[in-house]
Trainee: 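Let me give you the structure first, and then I'll get to my questions.
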Amino acid sequence: MPTPNVINGIPLWWYLLVASGLFAIGLYGVLARKNAIAMLMGVELMLNSVNLNLLAFWRYLNPTSAAGMAFAAFVFVVAAAEAAVGLALIISVYRTLHSIDPEKLDQLKL
Amino acid sequence: MMINSTDVVAVLPFISVALGSVGLLIADLLIPAERRHVTAWLAAALLLTAAVIALSLLGSPTFEAFGGMVISDPTAFFLDTLICTIGLVTILLTLRYNQVRGILRGEFYILLALSISGMTLVTHANNLLILLLGIELLSIPLYVLCGIARPRLESEESALKYFLTGAFASGFLVYGIALTYGASGTLSLQTAPAAPNVSGDPLLLIGIGLILVGLGFKVAAVPFHLWAPDTYEGAPTTVTAFMATATKVAGFAALLRVLHGGLPGMESTWQPLVAIIAAATMIVGNLAALAQQNLKRMLAYSSIAHAGYALVGVAAHDTTSVVFYLTGYAFTTLAAFAVITAIGSSEGEEMQFLEAYSGLGRQKPLLGAVLAIAMFSLIGIPPTVGFIGKYFVFQAAVAKGLVWLAVLGVLTSAMAAYYYLRVVMVAFIREGSAAAPLPTPSAPRNLAAAISVAAVFVLGVVPALLLSMIGNGMLSTTP
């Protein structure tokens with residue numbers, strides 16, 4: 001199967017570069033922020049960078065099979081389910097602690 | 001594509017648990033609040049049915065279904081049986097525990113069944129998409145289960161920490177899957193890296209590395225284990241028991257599917273990496289457990305250490321030894337947690353610290369004996385299953401030339417004897433404190449403890465029984 005390296009003048013690796021940049025920003029967000037919602041946003045950014053990767057790979061390498069596109073749709077679903085459960089947990093913690101800083105949760109330390 | 005009956009049979013345990021738990025969700029609405037135990041018994045019946053179905057399918061030959069999305073082999077059906085049995089034992093432990101702790105929520109059992117449906121999907125995954133779906137389906141209900149003792153702050157803390165690390169790990173897992181897809185052009189585990197020109201592709205190597213990171217979080221392997229002690233300590237004890245056993249089994253099932261089932265010819269690439277992770281996990285898990293005074297936290301580190309021993313079998317590319325090890329470990333750990341839930345549910349507050357167990361062996365000889373048997377099996381003393389399990393994985397490592405890993409495993413096991421024996425010593429030799437509360441009697445819990453202890457001895461004495469059931473199906477694609 002012929003796999004074009006450049007579509008509309010844009011090579012595949014540009015997409016991969018943007019996606020890895022997004023992934024790194026998300027990673028930084030999860031590790032550096034002290035707010036559970038900001039950490040959740042970091043995770044969502046990581047998942048979105050994966051979608052960018054998946055769609056780029058699908059379009060450039062294997063556009064005849066729907067696998068890559070379908071996978072991206074499933075990643076949406078997973079991200080939405082995680083966000084729903086995560087926000088519910090964060091609200092529940094906020095009601096008890098009046099804070100959403102995970103570092104303030106320190107009941108469980110030896 | 002038409003769905004035929006063989007397709008359905010391939011994932012029958014998954015379908016029955018998934019549909020059953022949705023039915024349970026509706027049934028729970030009709031059950032009055034003061035009769036919540038009906039939901040529990042319905043969930044137990046559901047899991048028993050699924051376990052029997054999976055057990056009856058053990059003899060069927062290996063085949064792919066749903067256009068190659070899932071695979072059915074004896075190992076997968078055996079793992080289904082194991083996971084459903086663990087779920088059943090967890091429900092037996094939970095009945096009285098939830099009553100005493102005031103967790104009167106029928107959702108507990110539904111979430112447990114949903115999580116098990118995800119696990120029974122992971123065991124059959126033949127495609128990276130199914131693997132991801134199964135892992136998410138098992139994780140998301142578990143996040144909620146950890147926090148189900150709301151408004152207890154320690155339970156909420158455990159849930160939030162588990163959720164944040166779990167979601168983080170999913171990010172790595174899907175990124176790794178995306179890169180693997182980019183390198184091979186397919187999501188199927190059977191054909192993906194088998195394409196001849198891609199096995200040295202850096203994209204594929206990074207992809208597999210990231211998948212390993214994601215799954216490493218799920219099985220709590222060092223250095224991805226930091227969430228485990230806090231989550232295990234804060235979650236309700238029966239949820240901890242479930243996480244330490246069933247989730248670990250499912251996480252390893254995913255690892256086996258990707259490494260043993262899906263990457264033929266790439267063993268030399270992943271073996272050194274897995275061996276190093278296994279060594280680090282055994283050392284760190286055991287060292288950290290030495291210092292623990294809290295029994296629940298100690299078992300958390302112990303579960304990390306045992307993930308290391310199972311990883312030795314993964315590195316040695318011996319599926320059967322890994323599955324056997326996990327089976328033995330699961331029943332042993334369930335026996336230990338049965339004692340903790342018995343002591344823990346005697347009051348509103350749990351007795352997690354080791355001092356609470358002093359004199360247990362004299363006041364309650366049977367409970368003390370269960371605790372001692374569990375500790376002996378965790379050390380690996382014959383005739384318990386812990387000994388045979390360790391023997392199999394170390395033997396597999398030696399056969400593959402990983403002698404240093406086997407030696408390290410034996411050394412760390414000797415070190416582990418210190419903290420496990422300390423528990424036995426406290427329970428049997430130290431004088432009991434007058435304040436030590438007596439556990440409330442519970443027939444289901446006794447049944448759960450009896451099942452676990454029987455499994456520890458039966459599998460320890462006649463391991464051939466289990467080996468014939470596990471089979472070698474997962475290795476079907478490798479020479």
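Labels below follow one simple rule: chain letters A, B, ... track the order of the sequence lines, proteins then strands, and each chain is numbered from 1.
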Trainee: Considering only heavy atoms and a distance below 4.5 Å, find which of B:G171, B:G166, B:G182 pairs most often with chain A.
Mentor: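 Result: the option with the highest number of such pairs is B:G182.
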
Trainee: The test is side chain to side chain contact (heavy atoms under 4.5 Å, CB included); show your working for B:W227 and B:F217 and say whether it passes.
Mentor: CA-CA 9 Å; B:W227 59 274; B:F217 270 109; 4.0 Å; yes

Trainee: Would you tell me whether B:K296 and B:T237 have side-chain atoms, one donor and one acceptor, within less than 3.5 Å of each other?
Mentor: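 Checked: B:K296/B:T237 side chains pair up, N/O donor to acceptor below 3.5 Å.
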
Trainee: With a 4.0 Å cut-off, would you call B:K161 and B:E157 a salt bridge?
Mentor: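 Salt bridge flag = yes for B:E157 with B:K161.
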
Trainee: Testing the basics here: between B:S155 and B:C146, what is the closest heavy-atom pair and its distance to 0.1 Å?
Mentor: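 So the two residues come closest at OG-O, 2.6 Å.
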
Trainee: Checking A:V93 against chain B: side chain, backbone, both or neither under 4.5 Å from a heavy atom?
Mentor: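 Both parts, backbone and side chain.
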
Trainee: Would A:D101 and A:K34 pass as an ion pair if we require N to O under 4.0 Å?
Mentor: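 No salt bridge links A:D101 with A:K34.
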
Trainee: Between A:L45, A:I90, A:V77, A:V78, which shows the greatest number of heavy-atom pairs under 4.5 Å with chain B?
Mentor: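 Top count of heavy-atom pairs under 4.5 Å with chain B: A:V78.
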
Trainee: Any idea which of A:L47, A:L31, A:V50 has the most non-hydrogen atom pairs under 4.5 angstrom with chain B?
Mentor: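 Top option by heavy-atom pairs under 4.5 Å: A:V50.
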
Trainee: Quick check on B:L132 against chain A: is it the side chain, the backbone, both or neither that has a heavy atom closer than 4.5 Å?
Mentor: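 The side chain, not the backbone.
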
